[in-house]
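Structure first, commentary second.
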Amino acid sequence: MATFREQVLEVVRSVPYGKVVSYGQVAEMVGAPHSARQVGAVLYGLRDEDGEVPWHRVVNASGGISTYKVGHGELQVALLKAEGVAFVGGGRGEERVDMRAHRWRPELPE
DNA sequence: CGTCTGACGCACC
DNA sequence: GGGTGCGCCAGAC
């Protein structure tokens, strides 16, 4: 059977352009409601052989960017903005994705 | 193969 | 609205 890692990558690859999902949401989608952090662990260990994985479309439940701690925060924000994702909270350094407008709901047709 | 770690989330102040 | 504490469990080492 597919490993947790593979399932996570599969789900992340299915996130549409211009949409985002939370780590916890991905965890639920792979049937592991209490493994949000592990989703992060998988993305953290992404390798070239994993192919195209839109990891930047995964943010925390608040719409905040969690990748600042690994030095990819600015890159992620840039990639999202390039896809037309709106940020809120603004003003200072920290900004959050407007989840209300961009959170992907798999049951809805994109 | 055993331990440590943490790209999280949520319940409580 | 923000800050703190802690459980979670697959990966990395």
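Excluded from the calculations below are hydrogen atoms, water molecules and symmetry mates; all remaining heavy atoms, backbone and side chain alike, are included. The structure presented is a predicted model; accordingly, all values stated were derived computationally and were not measured. Numbers restart at 1 for each chain; the letters A, B, ... are given by sequence-line order, proteins then strands.
V39(A) and M99(A) are members of different hydrophobic clusters when ILVMFWY side chains are connected at heavy-atom separations under 4.5 Å. Cluster membership check: V15(A) shares its hydrophobic cluster with Y23(A), using side-chain heavy-atom separations under 4.5 Å among Ile, Leu, Val, Met, Phe, Trp and Tyr. Cluster membership check: L79(A) does not share its hydrophobic cluster with V97(A), using side-chain heavy-atom separations under 4.5 Å among Ile, Leu, Val, Met, Phe, Trp and Tyr. Under the 4.5 Å side-chain heavy-atom criterion for ILVMFWY residues, no single connected hydrophobic cluster contains both V20(A) and V26(A). In the hydrophobic clustering of this structure, W104(A) groups with W55(A); members are Ile, Leu, Val, Met, Phe, Trp, Tyr whose side-chain heavy atoms approach within less than 4.5 Å, directly or through other members.
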(request) Quick one: the dot-bracket string of DNA chain B, using Watson-Crick and G-U wobble pairs with both distances under 3.5 Å, [ ] for crossing pairs and | for bases paired to another strand. (result) .|||||.||||||
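For S66(A), a side-chain nitrogen or oxygen approaches OP1 or OP2 of dC8(B) to under 4.0 Å.
Among dA7(B), dC10(B), dA10(C), the nucleotide with an atom closest to any side-chain atom of F4(A) is dA10(C).
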Provide a list of protein-nucleic acid N or O atom pairs under 3.5 angstrom, restricted to nucleotides 11-13 of chain B.
none

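Every residue two or more places apart in sequence or in another chain that forms a salt bridge (Lys or Arg N to Asp or Glu O under 4.0 Å) with E83(A) is listed here: R57(A).
Protein atom CZ of R96(A) is 16 Å distant from nucleotide atom C1' of dC8(B), rounded to whole Å. In this entry the distance linking CG of D50(A) with C1' of dG11(C) reads 13 Å, nearest Å. Atom CE in M99(A) sits roughly 13 Å away from atom P in dC8(B) (whole-Å rounding). Look at NE2 on H34(A): it is 7 Å from P on dC9(C), rounded to the nearest Å. R5(A) has its CZ atom 7 Å from the P atom of dG11(C), to the nearest Å. For E6(A) and dA10(C), the CD to P distance is 14 Å, given to the nearest whole Å.
A distance-only check finds no donor-acceptor pair linking the side chain of H56(A) to the backbone of V77(A) [under 3.5 Å].
Within residues 12-31 of chain A, the residues approached by DNA chain B to less than 4.0 Å at the level of any non-hydrogen atom are S22(A), Y23(A), G24(A), in residue-number order. Looking at residues 37-49 of chain A, you'll see R37(A), Q38(A), G40(A), L43(A), Y44(A) sit with a heavy atom under 4.0 Å from some atom of DNA chain B.
Distance check: I65(A) CD1 to E74(A) CD gives 11.0 Å after rounding to the nearest 0.5 Å. Distance CE/M29(A) to OG/S14(A): 5.0 Å, rounded to 0.5 Å.
Hydrophobic clustering, defined by side-chain heavy atoms of Ile, Leu, Val, Met, Phe, Trp and Tyr closer than 4.5 Å, groups V70(A) together with Y44(A).
A side-chain contact (heavy atoms from CB on, under 4.5 Å) with R5(A) holds for exactly one of L46(A), V42(A), L43(A); it is V42(A).
Enclosure of atom CD in E10(A) is not indicated, since only 12 or fewer non-hydrogen atoms of other residues, nucleotides or ligands lie within 6.0 angstrom.
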(message) Show, in sequence, the C-alpha distance, side-chain angles and deciding distance for V59(A) and Q76(A), and conclude whether the side-chain contact (heavy atoms from CB on, under 4.5 Å) test is met.
(response) CA-CA 9 Å; V59(A) 297; Q76(A) 179 167 13; 3.7 Å; yes
(request) Apply side-chain contact (heavy atoms from CB on, under 4.5 Å) to D98(A) and F87(A), showing your working. (result) CA-CA 5 Å; D98(A) 183 353; F87(A) 282 75; over 6 Å; no
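Contact annotation for S35(A): backbone-only contact, meaning every heavy-atom pair under 4.0 Å involves sugar-phosphate atoms and none involves a base.
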